[in-house]
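One structure is given below, encoded as structure tokens.
Everything quoted here is computed from the prediction, not taken from an experiment. A note on names: the letters A, B, ... follow the listed sequences, proteins ahead of strands, and every chain is numbered from 1.
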2 protein chains.
Amino acid sequence: MKELHNFAESEEMYLKTIAEISRHGNLVPVTYIAERLSISTVSASEMVHRLQGRGLLEHTPYKGVRLTDDGLNRAESILRRHRLWECFLAEHLGLPWKQVHDFACQLEHVSEDALTDALDKHLGFPSFCPHGNPIPPAQGVLEVRETTPLSDLDVGQEGVVLCIREEDGEMLDYLDARAVRPGSRVRIEEIAPYDGPRSVLLDGEKQVLGREVAEHILIELVNDNETE
Amino acid sequence: MKELHNFAESEEMYLKTIAEISRHGNLVPVTYIAERLSISTVSASEMVHRLQGRGLLEHTPYKGVRLTDDGLNRAESILRRHRLWECFLAEHLGLPWKQVHDFACQLEHVSEDALTDALDKHLGFPSFCPHGNPIPPAQGVLEVRETTPLSDLDVGQEGVVLCIREEDGEMLDYLDARAVRPGSRVRIEEIAPYDGPRSVLLDGEKQVLGREVAEHILIELVNDNETE
DNA sequence: TCTCATAATTAGGATGCCCTTATATTAACT
DNA sequence: AGTTAATATAAGGGCATCCTAATTATGAGA
Ligand SMILES: [Mn+2]
Ligand SMILES: [Mn+2]
Ligand SMILES: [Mn+2]
Ligand SMILES: [Mn+2]
């Protein structure tokens with residue numbers, strides 16, 4: 001499990017991580033950042049100060065962190081590179097989701113604009129990564145879609161998988177193996193007691209998914225007129 | 001716990017550089033390494049000791065450095081990744097030589113075997129990079145070709161460009177613009193006094209190339225029976 | 001053999017990111 | 001208002017790579 005650590009990578013991973021966590025512009029607790037990056041809170045805190053010094057984010061003590069415009073631009077640029085590489089690795093090289101994600105997480109830090117743009121063109125300017133997440137355009141604003149975690153659906157509700165949250169590589173592997181893909185049709189058949197595992201119908205196949213996993217599957221609800 | 005530290009790029013660049021310089025298995029002076037990497041001789045010397053400690057090379061003081069089998073394997077693995085990426089960047093993304101080389105020099109450090117092999121397959125297992133240098137195979141030995149620098153040719157001699165030495169990115173750009181490519185037919189028309197610039201016929205076009213540049217163009221001689 | 005350019009080493013620092021342990025501060029809940 | 005759990009900061013290091021300046025060792029040519 002080797003991770004290259006040129007000193008630019010660290011900064012980029014902080015920014016990307018913050019952008020990923022702060023889905024709706026909320027403040028991101030430093031603790032979350034530390035946890036996601038597997039780093040001590042002390043180190044994360046130090047780094048947050050450094051990044052603030054560079055004008056990339058603002059830290060409100062005891063509340064959390066918010067990216068500045070500069071910081072958000074940087075972060076979206078990294079997400080763009082990440083997701084474009086994912087397209088290449090999945091569609092052209094035929095690699096499985098987990099490798100796609102892990103390799104992209106390295107390549108994203110060594111992709112200058114000329115390379116990224118050429119790759120974008122070569123791929124035909126895709127709009128979404130293989131996991132269904134939107135690819136920020138070279139310039140302009142990333143459109144945000146309304147999504148609902150599968151874990152929030154009730155028995156009988158139906159939807160279409162829009163995207164998978166990518167935080168966890170292992171989970172990607174798990175979902176890949178179970179053919180959970182953007183575009184899959186999904187319907188909740190049963191929820192075990194105490195907010196337990198979901199029995200779902202996924203593109204006609206019966207599956208059981210734990211709640212934790214279901215939280216990472218983001219759905220667009222399909223109008224189900226009183227199916228219950 | 002998982003290390004977030006991996007200063008692998010530096011080590012890899014040392015190994016790759018040594019392999020590139022030591023064309024015929026000769027000892028490489030530490031001074032050369034330092035120069036090529038734009039690093040002080042003290043730092044290069046330190047690093048050489050470290051690499052020796054890791055069993056990747058042997059240093060004979062006041063003579064130079066030679067890669068061990070391990071070191072050579074590592075170096076060829078890096079050259080392989082570099083040249084495969086170059087193929088992709090040139091043929092698929094259509095980037096110019098200088099960018100091809102510079103981007104490949106970053107990507108080469110972030111390419112695990114699974115990625116490299118998938119890329120190799122996707123490219124159709126090419127044998128040479130866009131500059132004509134051979135791509136080391138996944139396993140097996142790199143074949144060595146007999147070459148002559150263009151600067152060693154006399155007036156009237158002819159040959160075919162086999163490959164370009166890649167040390168200097170600027171030079172790649174220069175040669176790219178002048179359509180000096182592997183496979184180009186070349187013939188020395190005139191050599192200016194004091195081993196000066198060469199007037200050459202390159203694929204029918206008349207060109208003038210400085211001696212320094214000519215040293216980087218490696219030729220396969222064509223049997224020219226008394227053309228002078 | 002002797003000289004001197006070349007190569008190597010020593011000494012002392014700097015940088016960036018990370019760590020643990022200990023202490024202070026604050027928000028939030030009873 | 002007072003307690004407590006979460007959060008922040010302070011103190012003291014480690015590690016890998018790189019730096020400059022000064023000194024020493026070597027070997028190749030005069
Ligand atoms: Mn990454
Ligand atoms: Mn993705
Ligand atoms: Mn490189
Ligand atoms: Mn090349």
Nearest-Å distance for atom pair NE2/P, residues A:H49 and D:dT7:
15 Å
Atom-pair distance (CD1 on B:I33; C1' on D:dT17), nearest Å
16 Å
Report the distance from atom CD of B:E86 to atom CG of B:L107, rounding to the nearest 0.5 Å.
10.5 Å
Could you write out each protein N or O paired with an N or O of nucleotides 21-28 of chain D at a distance under 3.5 Å?
from   : atom 1 : to    : atom 2 : distance (Å)
D:dA25 : N3     : B:Y62 : OH     : 3.4

Could you state the CG-P distance from B:L27 to C:dT6, rounded to the nearest angstrom?
19 Å
Spacing of A:E46 atom CD relative to D:dG14 atom C1', expressed in whole Å:
13 Å
Short side-chain N/O contact from A:S10 to OP1 or OP2 of C:dC18, under 4.0 Å
yes
What side chain to side chain donor-acceptor pair (under 3.5 Å) pairs are there with at least one residue in residues 41-57 of chain A, not counting sequence neighbours?
A:E11-A:R54, A:S40-A:S43, A:E46-A:R50
When you check the phosphate oxygens OP1 and OP2 of C:dA7, does a side-chain N or O of B:T31 lie under 4.0 Å from one of them?
yes
Gap between atoms CD1 and P, on A:I39 and D:dA8 respectively (whole Å)
16 Å
Would you say B:R50 reaches D:dA16's phosphate, i.e. side-chain N/O to OP1/OP2 under 4.0 Å?
no
Whole angstrom value for the distance that separates P of D:dA16 from NE2 of B:H109
19 Å
It should be established whether A:S40 places a side-chain nitrogen or oxygen under 4.0 Å from OP1 or OP2 of nucleotide C:dC19.
yes
Could you tell me the separation between the CG atom of B:L51 and the C1' atom of D:dA16, rounded to a whole number of Å?
12 Å
When you measure from the side-chain N and O atoms of B:H59 to the phosphate of C:dA8, is any distance below 4.0 Å, counting only OP1 and OP2?
yes
Contact under 4.0 Å: B:S45 side-chain N or O vs C:dA8 OP1/OP2:
no
Approximate separation, where rounding is to 0.5 Å, of A:H101 NE2 and A:D176 CG
13.0 Å
Please work out whether the ring planes of B:F88 and A:F88 are parallel, tilted or perpendicular, with thresholds of 30° and 60°.
tilted
Tell me, yes or no, whether the heavy-atom count around A:F128 atom CZ, taken from other residues, nucleotides or ligands under 6.0 Å, exceeds 12.
yes
Under 4.0 Å between a side-chain nitrogen and a carboxylate oxygen: does that hold for B:D117 and B:R80?
yes
Whole Å only: how far is the OH atom of A:Y32 from the P atom of D:dT7?
8 Å
Check every strand shown and say whether B:Y14 touches a base, only sugar-phosphate, or nothing at a heavy-atom separation below 4.0 Å.
sugar-phosphate
Are B:H92 and A:H92 an aromatic pair, judged by ring center distance below 6.0 Å?
no
